[in-house]
Amino acid sequence: MNLFAETRALVIGALNDMVAAGELPAGLDFAAVAVEPPRDAAHGDMATNAAMVLAKPAAMQPRAIAETLAARLKGRGGITSAEVAGPGFLNLRLAPASWQAVVRAVLGDGGKFGRSDLGRGTKVNVEFVSANPTGPMHVGHTRGAVFGDALASLLDFAGYGVTREYYINDGGAQVDVLARSAFERYREANGLSPEIAEGLYPGDYLIPVGEALKEKYGASLLDQPESVWLVDVREYATAAMMQMIREDLALLGVEMDIYSSEKSFYGTGRIEAALERLRGLGLVYQGKLEPPKGKLPDDWEEREQTLFRSTEFGDDQDRPVQKSDGGWTYFAPDIAYHYDKVERGFDVLIDVWGADHGGYVKRMKAAVSALSEGRVPLEIKLIQLVKLFKNGEPFKMSKRAGTFVTLRDVVEQAGADVTRFVMLTRKNDAPLDFDFDKVLEQSKDNPVWYVQYAHARVRSVLRKAAEAGIAVDDATLAGADLGKLGHEAELALARKIAEWPRLVEIAAKGQEPHRIAFYLYELASDLHAHWNRGNEDITLRFIQEDTATSQAKIALARAAGVVISAGLGILGVTPAEEMR
RNA sequence: GGCCCCGUAGCUCAGGGGAUAGAGCGGCCGCCUCCUAAGCGGCAGGUCGCAGGUUCGAAUCCUGCCGGGGUCGCCA
């Protein structure tokens, strides 16, 4: 039940009646007509811009349209008043029964309240994390993982058919480096001193891999040349890293539907097939690139190479798909992989990348546009850096010194719920400060805690009521006499709850899960405010002498709790039962 | 130098065509014999980086500039 959508339908209906009555010209487009919460609650419950939007196409004065519309709307649905204001806004007020019906709907629908069919089952592939299988996941990956997972949940909630996917970069030079690094640890396990040369991965996490290799191969590989062991060691080490990454993701509560392998595109003709398709469209050719403007790289030399004509799609220059040694650039398997996703029948592709990959957005979008012949949009969400703090002091990270903070470090110190919520309190394209002390603070300064506390308070009320012998199961509460919820403060909370379905759609359309976190904070704030009113006005407490009154008021609290719980569910955060 | 992101209250950030631009923190003043005061209310605080443009209307869209960050063929 989306009261805003329902009211908008009333407005559209009234507009159509005006057309039929000759009060508006025929053929108007009502798409831009919106019904929204007003900026200032004093203006009313909802506001529509209909008169202002239609004034120009109808060649009429906005206030004239608004006056007629107001007259037609009064009394329809739960609309009790419609007043023209400002430049042509129409401010609407709804009867208490409308808001009470929302509370009843929440109790009836439970966690499904706010679900939408906005997506109409559109098949969306969300590819995220896709960390190289060369080591543990670090903080940057953590934010990408949380964002991608929450976005996927949000889209699912809004009616899309969502697939969570991880692309394993197991085909490039970096996994050869991994193999060499693991081989040194294997030598170490055999009692030799490892030589971690410049460019190899020095982390301790490869020590157990070396030991496992010793278990498997004994000393048999020690004197062998790289050509003998590279493939096997690489395979083993990559699998071990992926195992570690899956465990890290599990710690965060992230579960992928599909893991796709870059390697599976090599030597199978799949890269060639994708490029062949592009070549057939005249988009792959042999040619030379202009040198980059500004300062040239020291070793720049012009050479002919295989290029993808991404400039056709707005990129700054065409992009090479083959290296000078004849091997593929990373871009080539990426093209094949995205072609594969298109071929699997997705209607929309979403990639979640680190912001440092921003330079590759245009070429990837170009490739998908070409491969799908413009049918499948690719949205790329860039995730900005996470800056770590402790005691307000920046945390220095250095991969070389091995002091980089892993996902595991963060989750073990802050907990998965806190980590997830905090990482969703910023837009994906804004940098995020993560302070280990602040996120664990138990006060209203900490949004995670604040929202959890609101939910815990609702649970507390339900427990107290049950102890007092009041039936508080959802079915009973849904059947309560909600007409008793007449106080302005109670209706205000109900109005906030009523915004939830609308907010879900806005967040899903914008692919912005952070909006959920901000809404939950506002809802929690309203609940805390209402709770405190009970201090001054005993009649506003949830538990009253009279059982029927108690049930009505508890229904309101429970409805808030249900929405908080659903919202936290989208963010992947467990709602707290109590704060002890 | 090209491209991308950002610039909103002292600080951290929401808002991304509509009404007098919001929240939290910090500052000041209040509220517990009462379901968790780990909370709530109020006051003070703004040339929405600058300059043009589009529009009935711009923090929001367009252009240019300034400032910060990222990135720039054979690493992914």
Side-chain angles (χ1 to χ4, degrees), chain A residues 32 34 36 38-40 43 47 49 52-53 55-56 61-62 85-89 91 130-132 134 167 169 171-175 177 262 288-295 297 299-303 305 307 315-320 322-331 333-334 354-362 382 384-385 425-433 438 441-447 449-450 453-454 456-458 460-465 467-468 510 514-515 517-518 521-522 525 528-536 538 541-544 550 554 557 578-580:
Chain A
E36 302 170 325
R39 188 183 285 280
D40 186 341
H43 292 148
N49 61 356
M52 289 181 291
V53 169
K56 196 171 184 181
Q61 291 298 320
F89 283 102
N91 291 326
S130 298
N132 285 344
T134 55
Y167 180 55
N169 291 108
Q174 75 281 357
V175 283
V177 174
E262 177 190 4
K288 292 177 180 175
L289 280 182
E290 292 290 312
K293 305 276 190 220
K295 62 175 183 188
D299 57 346
W300 173 267
E301 57 179 274
E302 198 178 63
R303 66 167 59 90
Q305 50 196 339
L307 297 166
D315 201 357
D316 315 306
Q317 59 174 241
D318 292 338
R319 303 294 178 176
Q322 244 173 337
K323 298 189 281 191
S324 54
D325 65 3
W328 301 114
T329 62
Y330 65 86
F331 187 39
D334 268 356
D356 54 341
H357 289 52
Y360 304 91
V361 168
K362 283 185 179 176
L382 297 180
Q384 271 292 349
L385 293 177
T425 54
R426 287 287 175 273
K427 290 184 288 198
N428 58 290
D429 51 10
L432 170 77
D433 290 347
K438 281 187 183 164
E441 199 172 296
Q442 303 205 336
S443 78
K444 64 172 191 156
D445 301 353
N446 179 356
W449 192 87
Y450 188 77
Y453 184 29
R457 277 184 149 172
V458 172
S460 170
V461 167
L462 293 171
R463 282 193 300 269
K464 295 276 180 188
E467 283 169 19
H514 74 275
R515 287 178 185 269
F518 279 91
Y521 184 86
E522 291 168 14
S525 179
H528 288 310
H530 186 56
W531 182 287
N532 269 74
R533 284 192 197 97
N535 289 338
E536 288 143 28
I538 290 178
R541 292 185 195 170
F542 297 112
I543 298 174
Q544 301 286 329
S550 296
I554 292 168
E578 54 184 348
M579 299 311 288
R580 299 185 196 290

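So you know, we letter chains A, B, ... as the sequences are listed, proteins then strands, and number each from 1. Given the structure is predicted, the values throughout are model-derived calculations rather than measurements.
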Per the glycosidic torsion and the 90° limit around 0, nucleotide B/C32 is syn
Original post:
C1' atom, B/C62 versus B/G39: distance in rounded Å?
Top reply: 47 Å
Comparing nearest nucleotides in RNA chain B, the 5'-proximal residue of the pair A/Gly171, A/Phe518 is A/Phe518
Rounding to an integer number of angstrom, what distance separates B/A59 and B/C13 when you compare their C1' atoms? 15 Å
Worksheet item: Relative to the ring of A/Trp449, is the ring of A/Tyr453 parallel (under 30°), tilted (30 to 60°) or perpendicular (over 60°)?
Response: tilted
Inter-nucleotide C1' distance (B/G30, B/G18), Å rounded: 37 Å
Query raised in the report: Looking across every strand, which nucleic acid part, if any, lies under 4.0 Å from A/Gln305 by heavy atom: base, sugar-phosphate, or nothing?
Result: base
Notebook entry, point to check: Are any of the side-chain nitrogens in A/Lys438 or A/Asp445 under 4.0 Å away from the carboxylate oxygens of its partner?
Noted result: no
Heavy atoms only, 4.0 Å cut-off, all strands: where does A/Ala55 land among base, sugar-phosphate and nothing? nothing
Of the candidates B/C3, B/U12, B/A19, the side chain of A/Asp433 sits closest to B/U12
Self-check item: Donor-acceptor pair under 3.5 Å, A/His357 side chain vs B/A76 base
Solution: yes
Comparing nearest nucleotides in RNA chain B, the 5'-proximal residue of the pair A/Ile543, A/Gly86 is A/Gly86
| task | For B/G67 and B/G49, measure between their C1' atoms and round to the nearest Å. | result | 7 Å
In whole Å, what separates the C1' atom of B/A14 from that of B/G22? 7 Å
Are any protein N/O atoms closer than 3.5 Å to N/O atoms in nucleotides 36-41 of chain B? If there are, list each pair with its distance.
| residue | atom | partner | partner atom | Å |
| --- | --- | --- | --- | --- |
| B/U36 | OP1 | A/Ser460 | OG | 2.4 |
| B/U36 | O2' | A/Tyr453 | OH | 2.3 |
| B/U36 | O2' | A/Arg457 | NE | 3.3 |
| B/U36 | O2' | A/Arg457 | NH2 | 3.0 |
| B/U36 | O4 | A/Met579 | N | 3.1 |
| B/A37 | OP2 | A/Arg457 | NH2 | 2.6 |
| B/A37 | OP2 | A/Trp531 | NE1 | 3.2 |
| B/A38 | N1 | A/Gln442 | OE1 | 2.7 |
| B/A38 | N3 | A/Gln442 | OE1 | 3.4 |
| B/G39 | OP1 | A/Lys444 | N | 2.1 |
| B/G39 | O2' | A/Arg457 | NH1 | 3.1 |
| B/G39 | O2' | A/Asn532 | OD1 | 2.8 |
| B/G39 | N2 | A/Asn532 | ND2 | 2.8 |
| B/G39 | N3 | A/Asn532 | ND2 | 3.2 |
| B/C40 | OP1 | A/Tyr450 | OH | 2.3 |
| B/C40 | O4' | A/Asn532 | OD1 | 3.3 |
| B/C40 | O4' | A/Asn532 | ND2 | 3.3 |

Whole-Å C1' distance, B/U12 and B/G64: 31 Å
Applying the Watson-Crick and G-U criteria (both distances under 3.5 angstrom) with [ ] for crossing and | for other-strand pairs, one obtains for RNA chain B (((((((..((((....[...)))).(((((.......))))).....(((((..]....))))))))))))....
Looking only at B/G73, B/G16, B/C3, the nucleotide nearest the A/Pro320 side chain is B/G73
Practice prompt. Look at A/His43 and B/G18 and indicate whether a side-chain polar atom (N or O) is within less than 4.0 Å of OP1 or OP2.
Written response: no
TODO: Answer yes or no: does a side-chain N or O of A/Arg515 lie under 4.0 Å from OP1 or OP2 of B/G15?
DONE: yes
_Looking at B/C74, I'd like to know if its phosphate oxygens (OP1 or OP2) sit under 4.0 Å from a side-chain N or O belonging to A/Arg319._
no
Strictly below 4.0 Å: does A/Lys288 bring a side-chain N or O up to OP1 or OP2 of B/G73?
no
